[in-house]
Amino acid sequence: MQTIKQYLNQLVSQALGKVADISAANANVITASRPEFGDYQANGIMAIAKQMKTNPRELAIRVVAELDTVNEPLVASFKIAGPGFININLNSKALCERANLIRQENNPLISTAEQPSTIVIDFSSPNLAKEMHVGHLRGTIIGDCLARVLETKGHRIIRQNHVGDWGTQFGMLIAYLQEVSADTEELPTRLADLETFYRAAKERFDSDPSFAESARQSVVKLQSGDSVYLDIWKQFIEESLSHCEAIYSRLNVTLSRSDLCAESFYNKELEDIVNKLDNISLITVSDGAKCVFLPEFSGKDGTPLPTIIQKSDGGYLYATTDLAAARYRYQKLEADRALYVVDARQSLHFQQVFAVARKAEFVGPSLSLEHIAYGTMMGADGKPFKTRSGGIVKLKELLDEGVKRAFDLVTEKNPQLDETLRRQIAERTGIAAIKYADLSKNRTSDYIFEWSSMLSFDGNTAPYLMYAYARIRSILNKHEVKDNNYSITLLSSNEERNLLLKILQLSEIVDAVAADCYPNQLCNYLYELAGIFMRFYEACPILQAEGEVKISRLALAAFTAEALAQGLDLLGIEPLEQM
RNA sequence: GCGCCCGUAGCUCAACCGGAUAGAGCACCGGCCUUCUAAGCCGGGGGUUGGAGAUUCGAGUUCUCCCGGGCGCGCCA
């Protein structure tokens with residue numbers, strides 16, 4: 001089923017195209033910017049009038065005249081306003097019919113794409129040498145949200161967790177592991193606090209030249225495939241992965257073992273990547289390193305910017321790996337889109353990798369390569385984030401703190417609930433609040449890490465949305481009737497009508513997120529939806545109402561719960577029946 | 001030096017891709033629980049969208065310059 005916006009845009013665009021005799025006329029229909037303008041508005045008339053060098057109001061009059069020749073049941077009126085806007089009011093009865101069609105005929109609230117495609121999403125991708133910290137939160141949950149959204153749209157989603165499991169630091173860690181304990185049985189204990197382990201190893205590396213030397217030798221042995229070293233490495237990776245999985249599970253993130261595609265997966269491809277680039281004369285050796293110089297990456301003074309593909313000592317770099325990964329997405333995974341949910345600081349790197357990949361035809365034009373960049377985490381002082389001691393905050397610590405605060409709150413609000421239930425509620429709401437605090441911000445801007453805003457439960461937060469859901473469930477549970485038997489038939493108040501229209505717009509927002517990959521749009525929508533529900537809840541008694549009004553309101557409440565649950569699910573947040 | 005991103009209310013952020021009177025939350029002030037969960041609802045104050053130009057019916061959004069902040073840029077990932 002088309003969304004209302006799609007439908008109206010098509011309708012008005014066709015009329016506009018007919019009247020203006022322009023084939024690609026876009027009426028640019030959006031939801032009305034103010035309630036007094038109606039439900040939707042067409043903004044495109046003025047742009048076309050300018051193109052035609054004609055009066056926009058006159059053009060609008062002709063478009064509306066054209067629209068009025070069609071008896072369109074969904075639309076109550078088209079009205080011209082201002083310099084040439086067309087304000088659109090919808091027919092309330094038609095809205096009810098549309099809603100009941102979705103509820104009772106098992107049509108999805110979120111429409112699926114006409115053309116399913118294969119989309120690879122690279123996200124989370126922690127470095128397995130260290131423990132996950134708060135900086136990993138964004139990429140992990142934004143990627144997860146996008147995967148859920150695109151999957152719901154009916155696309156084939158291939159999640160790729162491109163974890164860092166290779167390189168010099170693993171030599172250091174293995175050397176340190178051997179030094180402190182020859183017995184690998186102790187590994188889990190040793191690595192219980194991965195971060196501390198890493199720091200200790202780093203300290204040894206920096207302060208003791210002989211240790212640094214043995215670390216370097218470990219790398220060589222590891223890379224040459226020495227079975228003893230490889231074995232330790234594997235155990236190390238395994239242990240570190242189980243740390244990550246514990247976090248994913250708590251965060252309700254849809255990443256599993258089968259989504260793993262570590263850096264080392266591409267090791268055997270790297271030599272070939274360099275050879276292919278060499279064969280087409282893209283490689284220039286500069287100071288002993290193999291580089292690709294592309295004209296689009298030269299500075300204004302003409303000095304070209306290299307993409308280093310192979311170090312002078314023969315080692316490969318992450319550009320090499322990313323080229324192999326891009327080729328894999330195109331050739332093996334046959335993707336139409338490849339999304340890389342990665343920190344914005346790597347945007348130059350991705351521009352270069354994408355350009356080289358295209359130049360070398362590692363990927364064809366059918367694959368869209370997209371860096372889904374997100375902002376850097378800052379401290380409260382606006383400078384790059386560090387704790388007072390100069391360290392980092394572990395992701396686990398943040399989650400624990402969120403759950404603890406949620407437990408205190410639920411205990412204060414609902415002391416009569418038994419403790420097990422309060423613990424469950426706290427786990428859900430605490431973690432949801434943290435995720436939502438991050439997802440609800442525009443991903444491209446840098447963001448401030450603050451305990452207080454991260455762990456807030458008031459206002460525009462996940463608990464607010466979950467609370468709206470719990471209120472509805474509470475009503476529906478009291479009534480004990482199968483929801484879908486009821487129809488939405490009366491929109492006797494503005495609150496009811498606003499709520500219904502908003503629910504029907506979920507699909508429009510999901511389309512926007514699927515196209516542009518901004519989860520905060522979905523958060524904004526859900527916050528507005530919950531807010532409109534709260535107003536409905538205050539203004540319109542449900543269980544106390546009678547007859548058809550009661551039935552219709554119950555159905556509307558059930559429909560709201562459905563929209564909220566689906567929206568929250570796309571954010572990776574599970575609502576509660578009670579809180 | 002070159003390049004990318006950002007600057008919106010005291011604080012944290014929106015603003016559907018150039019649209020109509022720039023909106024929320026937090027904080028602050030005032031009202032609403034014998035009626036479906038007060039993690040809520042209603043009301044109030046608070047803005048030269050960093051500054052100056054330009055483009056046009058119309059600019060927070062596009063362009064130029066300036067100021068301020070962040071981040072990248074040859075052998076880490």
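In what follows, chains are A, B, ... by sequence order, proteins preceding strands, each numbered from 1. These numbers come from a predicted model, not from an experiment.
- Going from the C1' atom of B:C6 to that of B:C71 covers 10 Å, rounded to whole Å.
- B:C28 has its base anti relative to the sugar, with a glycosidic angle deviating from 0 by more than 90°.
- From A:D322, atom CG reaches atom OH of A:Y340 across 6.5 Å, with rounding to the nearest 0.5 Å.
- Among the nucleotides B:A20, B:A15, B:C75, the one closest to the side chain of A:I308 is B:C75.
- Within the 4.0 angstrom heavy-atom criterion, no nucleotide atom of any strand lies near A:K290.
- Comparing the P positions of B:C76 and B:G53 gives an interatomic distance of 49 Å, to the nearest angstrom.
- The same atom, P, is picked in B:U48 and in B:G1; the two are 33 Å apart, to the nearest Å.
- Taking atom C1' in both B:G47 and B:A9, one finds a spacing of 6 Å when rounded to whole Å.
- Annotation: the span from A:L8 atom CG to A:I88 atom CD1 amounts to 5.0 Å, rounded to 0.5 Å.
- Rounded to whole Å, atom P of B:C16 lies 20 Å from atom CG of A:L529.
- Using a 4.0 Å heavy-atom criterion, one finds that A:A81 contacts the bases of the nucleic acid, with or without backbone contacts as well.
- Map A:Y318 and A:Q351 each onto its nearest nucleotide of RNA chain B; the residue landing nearer the 5' end is A:Q351.
- Taking the 5.5 Å centre cut-off and the 30° plane limit, the aromatic side chain of A:Y537 is not classed as stacked on B:G40.
- For the atom pair A:D343 CG and A:F350 CZ, the distance stands at 10.0 Å (nearest 0.5 Å).
- Across all strands, A:L543 comes closer than 4.0 Å to base atoms (heavy-atom distances).
- Residue ring and base: A:F85 does not count as stacked with B:G19 (centre distance below 5.5 Å and interplanar angle below 30° not both satisfied).
- The distance between atom CD of A:Q352 and atom C1' of B:C75, rounded to the nearest whole Å, is 13 Å.
- A:W166 and A:W233 have perpendicular rings, their planes meeting at more than 60° on a 0 to 90° scale where under 30° would count as parallel.
- With distances taken from any side-chain atom of A:R345 to the nucleotides B:C71, B:G72, B:U35, the minimum falls on B:C71.
- Of the C1' atoms belonging to B:C42 and B:U55, the separation is 44 Å, rounded to the nearest Å.
- No hydrogens or angles were tested; on distance alone, a donor-acceptor pair under 3.5 Å links the side chain of A:T31 to the base of B:C16.
- In the set B:C73, B:C75, B:G19, the nucleotide with an atom closest to the side chain of A:A289 is B:C75.
- In this entry the distance linking OH of A:Y436 with P of B:U12 reads 19 Å, nearest Å.
- Between the base of B:A20 and the side chain of A:N87 there is a donor-acceptor pair shorter than 3.5 Å.
- Side-chain rings of A:Y318 and A:H349 approach one another, their centers coming within less than 6.0 Å.
- The C1' atoms of B:C5 and B:G10 are separated by 26 Å, rounded to the nearest whole Å.
- Counting non-hydrogen atoms of neighbouring residues, nucleotides and ligands closer than 6.0 angstrom, the CD atom of A:E271 reaches no more than 12 such neighbours.
- Across B:G51 and B:U56, the matching C1' atoms stand 22 Å from one another, rounded to whole Å.
- In the set B:C41, B:C76, B:G19, B:C76 carries the atom at the smallest distance from any side-chain atom of A:T168.
- Each of A:N520 and A:N460 lies near RNA chain B, and the nucleotide nearest A:N520 is the one positioned closer to the 5' end.
- Checked by distance alone, A:S312 brings a side-chain donor or acceptor within 3.5 Å of a matching partner on the base of B:C75.
- Open room surrounds NZ on A:K79; 12 or fewer heavy atoms of other groups in view lie less than 6.0 Å from it.
- As a whole-Å value, the separation of A:R138 CZ from B:C5 C1' is 13 Å.
- Straight-line distance between the C1' atoms of B:U12 and B:G31: roughly 27 Å, to the nearest whole Å.
- Contact annotation for A:D313: no contact, since no heavy-atom pair falls under 4.0 Å across all strands.
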